[in-house]
Amino acid sequence: MKVLLSGNEAIAHGAYVAGVTMATGYPGTPSTEILETIVKYDEIEAAWAPNEKVALEVAIGASLAGSRALVTMKHVGLNVAADPLFTLAYTGVNGGLVIVSADDPGMHSSQNEQDNRNYAKAAKIPMLEPSDSQDAVLLIDEAFNISEIFDTPVILRTTTRVNHSKSLVEVDVERVRKEETYEKNPQKYVMIPAHAKSRREVVENRLNALSEFAEQFRGNRVEWGNRHIGFITSGVSYQYVKEAFPDASVLKLTMTYPLPRKLITDFIEQVEQAIVVEELDPFIEEQIKIWGLSVSGKRFIPAIGELNPDIIRGSLADKEDDALEESEALDIELPGRPPMLCPGCPHRGVLYTLNKLKLVVTGDIGCYTLGVLPPLEAMDTCICMGASIGNATGFQKATGRKDVVAVLGDSTFVHSGITPLIDAVYNRGFTTVIILDNRTTAMTGRQDHPGTGKTLKGYDGPPLDLEMIVRATGIQSVKVIDPYDLKVVKEAIKEETAKDEPSVIIFRRACLLVERPNTKPFMVTGACNGCKACVKLGCPAISWKEKRAQIDPEICSGCEVCVQVCKKDAVVEYAKVDRGAGI
Amino acid sequence: MISVISDVKNILLVGVGGQGIVLAADVLSQVLVSAEYDVKMSEIHGMSQRGGSVNTMVRFGSKVFSPLIDKAKAEYILAFEQLEALRWSDYLKPGGVFIMNTQKIEPLPVLLGKARYPQNIDELIRGKGINLLAVDADSLAEEAGSKKAANIVLLGCLAALMPIDRGVWYAAIERRVPPKTVDINKRAFDIGYDLTSKPAFIV
Ligand SMILES: Cc1ncc(C[n+]2csc(CCOP(=O)(O)OP(=O)(O)O)c2C)c(N)n1
């Protein structure tokens with residue numbers, strides 16, 4: 001039977017069929033739905049780890065014990081998990097271990113555009129790249145086989161267009177049952193220098209064996225067409241090439257590290273001109289050029305952003321006379337539609353106050369990062385998850401300034417905010433750390449984390465006690481405050497930033513998408529004098545019309561934050577009206 | 001080597017996060033799968049969930065490669081919101097069908113009074129020589145029982161123009177919407193369908 005699956009659903013299905021018994025990861029677009037789909041299989045132990053490094057370490061444990069283990073993360077997550085990864089390459093595996101690295105060319109939802117194919121090369125481990133959902137199912141299976149046959153972790157590298165596009169997949173396949181046993185083997189698994197030195201040789205020999213294997217691998221194949229141009233391509237770029245040049249010859253690579261040298265050489269020799277089409281870095285191109293073969297790629301194909309058939313056609317326009325149809329451009333400038341904090345978002349009042357107090361705000365990654373945009377404009381930095389606290393300590397130490405605060409979310413604090421907080425105390429900083437505790441990982445679609453106590457499998461355990469963790473680092477002053485109460489918010493921030501010691505304020509209120517309080521919408525009365533104080537909250541429910549503020553009762557959540565900023569008492573509860581049956 | 005003429009058709013759905021575009025696209029692609037086409041569908045989630053601009057691309061035919069629709073290649077555009085309709089209007093193929101919901105959702109710069117929401121969007125689009133059907137899907141959906149079924153009204157408008165039985169659409173709707181809302185959604189679908197199946201609507 002064929003069904004329409006997203007790349008992420010296909011990976012989950014493929015992992016089930018491949019007999020995976022352990023799946024871990026940390027949320028991150030575009031990878032998140034893999035674990036959210038896999039959780040439905042009773043046979044698979046699926047879990048959100050506090051961060052990607054822990055996720056990989058748990059998977060390594062499961063693999064050592066003989067299970068097939070899958071780890072999922074977005075591209076930047078692999079930076080966090082890189083430390084275990086590079087040594088795992090030396091120890092190898094027992095049960096197969098596959099790491100899904102979901103890259104985001106075009107940065108639809110990411111802070112950078114790194115090309116994680118470079119990790120395969122740097123760690124000297126094999127990598128596979130699916131071009132659509134059917135490929136993903138086949139390659140997950142291949143990845144586990146390669147992992148066990150060659151005793152190596154394998155990277156399955158995807159991109160947003162593969163993770164989030166849907167295509168047809170053949171799904172009638174039976175699950176593989178695989179049982180391995182654990183045997184103690186310190187020479188293989190305890191990487192002291194003496195052992196690592198011999199494993200180093202194993203890694204090199206393994207790469208040679210994998211290169212041989214890549215020549216025969218069924219995923220690497222030539223589709224002959226006219227031999228005018230031969231395209232060498234992988235991942236979703238393969239689909240774009242087929243779309244743009246249906247008649248050309250194509251070498252489709254699904255194993256992109258190590259590369260099949262003979263297959264590529266033969267292909268290049270049989271076409272007039274060989275062009276590599278790949279998104280981001282010239283990863284394949286450079287390897288081919290090192291062999292002294294004649295090939296081009298980034299000379300024509302952009303290295304920045306996503307590709308699509310139009311871009312590929314356009315880049316090669318003077319090669320093929322396939323002129324681009326130019327469409328008429330609009331002559332008016334359209335307002336953009338940036339993402340916004342939801343009506344009633346508990347982050348809003350805190351960000352508003354930080355802006356009012358004109359503090360230096362070292363920020364972090366989460367919904368609150370949207371607070372950098374007008375009108376809140378309450379963020380000075382955003383580097384990577386957990387960076388806010390270290391950034392604040394460094395800034396404050398370099399300047400001696402006290403008006404510096406670090407702002408991060410609850411999931412981010414658990415992910416990588418605890419170690420820098422320990423540093424702030426230990427190294428005698430005096431930063432104020434603000435934890436926006438909305439009881440969820442909101443940005444990526446509301447995943448639970450240790451701070452909520454609920455697991456991916458639905459076990460409702462005791463939540464991590466953030467106050468206790470903070471106190472255990474040596475912080476003396478910890479406040480827990482409702483972010484809807486603007487007066488208290490402001491007082492707390494002023495008080496804590498005035499201190500000569502590091503302190504923590506936890507602003508705690510659940511994300512409205514997780515828990516919706518039973519509040520009524522508000523409206524603006526004729527008392528409005530047009531001062532715009534409420535408009536500066538950047539609430540999607542509040543608009544500026546004919547020199548007066550207006551509230552859309554359909555989307556107002558009734559958080560009453562705007563009521564508190566109005567000096568004319570012009571915001572009042574909306575008269576209850578019947579707004580139709582909800583679906 | 002003979003060039004293969006592609007029979008692939010493209011449908012672009014655009015609007016704002018929260019308008020039910022993903023659901024409409026799911027029903028649509030399910031229908032296309034039932035009609036035994038090869039189907040690919042591309043959507044971007046993530047930041048777009050926070051009230052950002054959303055687009056979903058659906059492609060079908062005997063063999064589909066790219067999940068993306070190139071500019072000026074969409075046979076159909078289904079726009080759930082006016083500004084987004086205008087933003088994506090370059091994607092319509094000459095002679096294509098453009099169905100637009102008349103709803104307006106103001107983006108942040110407009111809410112803040114920093115930018116103006118363009119006036120007379122329907123005229124601007126028609127001015128490009130596009131055959132535009134502007135539908136007040138929200139009101140029509142309310143007639144069917146709930147404003148939230150506006151996405152299915154629009155889907156109904158599209159369905160009447162495609163060579164697939166009404167029953168196949170019903171089945172896909174039944175499978176995808178919450179059980180309690182099946183009747184409302186089917187009514188919403190019918191309202192949209194009847195609107196474009198009238199002979200007066202010339203494509
Ligand atoms: C290393 C890394 N992993 C994952 C992500 C994806 N990501 C972006 S924000 C975020 C978590 C946000 O949660 P929280 O800090 O609680 O803030 P909220 O969105 O709930 O406001 C995640 C997982 C990332 N950017 N970097």
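A, B, ... follow the sequence lines: proteins, then strands. Residue 1 opens every chain.
Heavy atoms of Leu513(A) lying under 4.5 Å from chain B belong exclusively to its side chain. Looking at Leu32(B), there are no atoms closer than 4.5 Å to chain A (heavy atoms on both sides), in backbone or side chain. For Arg116(B), the part lying under 4.5 angstrom from a heavy atom of chain A is the backbone only. Proximity to chain B (any heavy atom under 4.5 Å) is shown, for Val3(A), by neither the backbone nor the side chain. Only the backbone of Cys539(A) has a heavy atom closer than 4.5 Å to any heavy atom of chain B. Heavy-atom distances place the side chain of Glu81(B), and not its backbone, under 4.5 Å from chain A. Contact of Lys536(A) with chain B is not made at all, since no heavy-atom distance falls under 4.5 Å. With a threshold of 4.5 angstrom between heavy atoms, Phe60(B) does not approach chain A through any atom at all. Looking at Val39(B), both its backbone and its side chain come within 4.5 Å of chain A, counting heavy atoms on both sides. For Leu168(A), the parts lying under 4.5 angstrom from a heavy atom of chain B are both the backbone and the side chain.
Two residues are said to be in side-chain contact when any heavy atoms from C-beta on lie closer than 4.5 Å; Pro338(A) and Pro109(B) meet this criterion. You'll find the side chain of Asp26(B) reaches within 4.5 Å of the side chain of Lys166(A), heavy atoms only. Residues Tyr240(A) and Pro67(B) have side chains in contact (heavy-atom distance under 4.5 Å, counting atoms from C-beta outward). Using a 4.5 Å heavy-atom cutoff, the side chains of Leu334(A) and Leu83(B) are in contact. The shortest side-chain heavy-atom distance between Val535(A) and Leu111(B) does not fall under the 4.5 Å cut-off. Counting heavy atoms from C-beta on, the side chains of Leu68(B) and Gln239(A) never come closer than 4.5 Å.
To the nearest 0.5 Å, the span separating OG on Ser167(A) from CE on Met41(B) amounts to 11.0 Å.
Comment: Asp132(A) engages Lys40(B) in a salt bridge, judged by a side-chain N to carboxylate O separation of less than 4.0 angstrom.
Test Lys63(B), Lys73(B), Arg59(B) against Glu243(A) for salt bridge (Lys or Arg N to Asp or Glu O under 4.0 Å) and you get one pass: Arg59(B). The side-chain contact (heavy atoms from CB on, under 4.5 Å) with Pro107(B) is formed by just one residue from the set Pro335(A), Pro540(A), Pro339(A); it is Pro335(A).
Counting all heavy atoms, side chain and backbone alike, Gly51(B) lies closest to Met340(A) at O-CE, 4.5 Å.
Contact count against chain A (heavy-atom pairs under 4.5 Å) is highest for Leu112(B) among Leu112(B), Val110(B), Val33(B). Between chain A and the residues Lys180(B), Glu84(B), Gln30(B), the most heavy-atom pairs under 4.5 angstrom are made by Glu84(B). Per-residue heavy-atom pair counts under 4.5 Å with chain B were compared for Gly7(A), Cys342(A), Pro375(A), Pro374(A), and the maximum is reached by Pro375(A).
Annotation: Lys2(A), atom NZ; neighbour count of heavy atoms from other residues, nucleotides and ligands within 6.0 Å does not exceed 12. More than 12 heavy atoms of other shown residues, nucleotides or ligands fall within 6.0 angstrom of atom CZ in Arg227(A).
No side-chain donor-acceptor contact under 3.5 Å links Arg337(A) to the backbone of Gly15(B).
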### Message
With side chain to side chain contact (heavy atoms under 4.5 Å, CB included) as the criterion, how do Glu106(B) and Ser543(A) come out once you've worked through the C-alpha distance, each side chain's angles and the decisive distance to 0.1 Å?
### Response
CA-CA 9 Å; Glu106(B) 298 186 338; Ser543(A) 60; 4.0 Å; yes

